[in-house]
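Quick notes on the structure that follows.
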Amino acid sequence: KRLISLCVGCGNQIHDQYILRVSPDLEWHAACLKCAECNQYLDETCTCFVRDGKTYCKRDYIRLYGIKCAKCSIGFSKNDFVMRARAKVYHIECFRCVACSRQLIPGDEFALREDGLFCRADHDVVERASLGAGDPLSPLHPARPLQMA
């Protein structure tokens, strides 16, 4: 004997010939499974994503929850090459020093500060200015170590 299925969307019993199942335990009427943003119907032809109890089409899910570039705030395509600095991710062309706009490449030393990425030379200038025109040959401030790109 078949178990009673309740639609997550409307809360009513599902008596339809087909039940749309999302995740292992969420069941829907075909007419109730829609994207929470654009109201597109989600069926076997459209990838469905669930977050916080809401269903989304792929486009809206990526727009709302996908990783975005820390510089330009545009999402990534599957073919994009990226640069990472701590928890931030950048398009290759966005991975630039905020002071001189030089593109940073693998192997370059850089500093990731609250105000952006800095190449080694510009980081040194900013640090010397913030420490008060001290000895130009003094070591970098230990709280802001440089990293390898």
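Keep in mind that this is a model prediction, so the values were computed, not measured. Numbering starts at 1 and runs along the sequence shown.
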>> Tell me whether Arg84 forms a cation-pi arrangement with Tyr90, defined as NZ or CZ under 6.0 Å from the six-membered ring centre and within 45 degrees of its axis.
In response: no

Would you check if [X] and [Y] make a side-chain contact, meaning some heavy-atom pair closer than 4.5 Å?
X: Met83; Y: Pro106; value: yes
X: Leu26; Y: Arg21; value: no
X: Cys38; Y: Cys57; value: yes
X: Val82; Y: His91; value: no
X: Leu112; Y: Lys88; value: yes

Can you name the nearest heavy-atom pair linking [X] to [Y], along with the distance?
X: Ala30; Y: Leu20; value: CA-CD1, 3.5 Å
X: Arg96; Y: Ser101; value: NH1-O, 2.9 Å
X: Leu104; Y: Asp108; value: CA-OD2, 3.4 Å
X: Cys100; Y: Cys97; value: N-SG, 3.5 Å

Indicate, with yes or no, if [Y] and [X] share a hydrophobic cluster defined by side-chain heavy-atom contacts under 4.5 Å among Ile, Leu, Val, Met, Phe, Trp and Tyr.
X: Ile62; Y: Ile67; value: no
X: Phe118; Y: Val125; value: no
X: Leu6; Y: Trp28; value: no

> Can Arg113 and Asp115 be counted as an ion pair, charged N to O under 4.0 angstrom?
Replying inline: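 Salt bridge flag = yes for Asp115 with Arg113.
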
>> Do the side chains of Asp122 and Arg102 get close enough for a salt bridge, i.e. N-O under 4.0 angstrom?
In response: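 Judged by the 4.0 Å cut-off on N to carboxylate O distance, Asp122 and Arg102 do not form a salt bridge.
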
> Quick one: are the ring centres of Phe95 and Phe110 less than 6.0 Å apart?
Replying inline: yes

Treating [X] as the side-chain partner and [Y] as the backbone partner, does any N or O pair qualify as donor plus acceptor under 3.5 Å?
X: Thr55; Y: Lys34; value: yes
X: His29; Y: Gln13; value: yes
X: Asp124; Y: Ala121; value: no

> Any salt bridge (Lys or Arg N to Asp or Glu O under 4.0 Å) pairs touching residues 62-71, not counting sequence neighbours?
Replying inline: Glu37-Arg63, Asp60-Arg63

> Just wondering, more than 12 heavy atoms not from Ile92 lying within 6.0 Å of its CD1?
Replying inline: yes

> Hey, is OH on Tyr41 packed in by over 12 heavy atoms from elsewhere, all under 6.0 Å?
Replying inline: no

[atom1]-[atom2] distance between [X] and [Y], expressed to the nearest 0.5 angstrom:
X: Asp80; Y: Ile74; atom1: CG; atom2: CD1; result: 10.0 Å
X: Cys35; Y: Tyr61; atom1: SG; atom2: OH; result: 12.0 Å
X: Ile4; Y: His15; atom1: CD1; atom2: NE2; result: 8.0 Å

>> Once side chain to side chain donor-acceptor pair (under 3.5 Å) is applied, do any residues pair with Gln40, and if so which ones, sequence neighbours excluded?
In response: none

> Yes or no on ring pair (Phe, Tyr, Trp, His ring centres under 6.0 Å) for Tyr56 and Tyr65, after CA distance, side-chain angles and deciding distance?
Replying inline: CA-CA 10 Å; Tyr56 299 95; Tyr65 303 109; 5.6 Å; yes

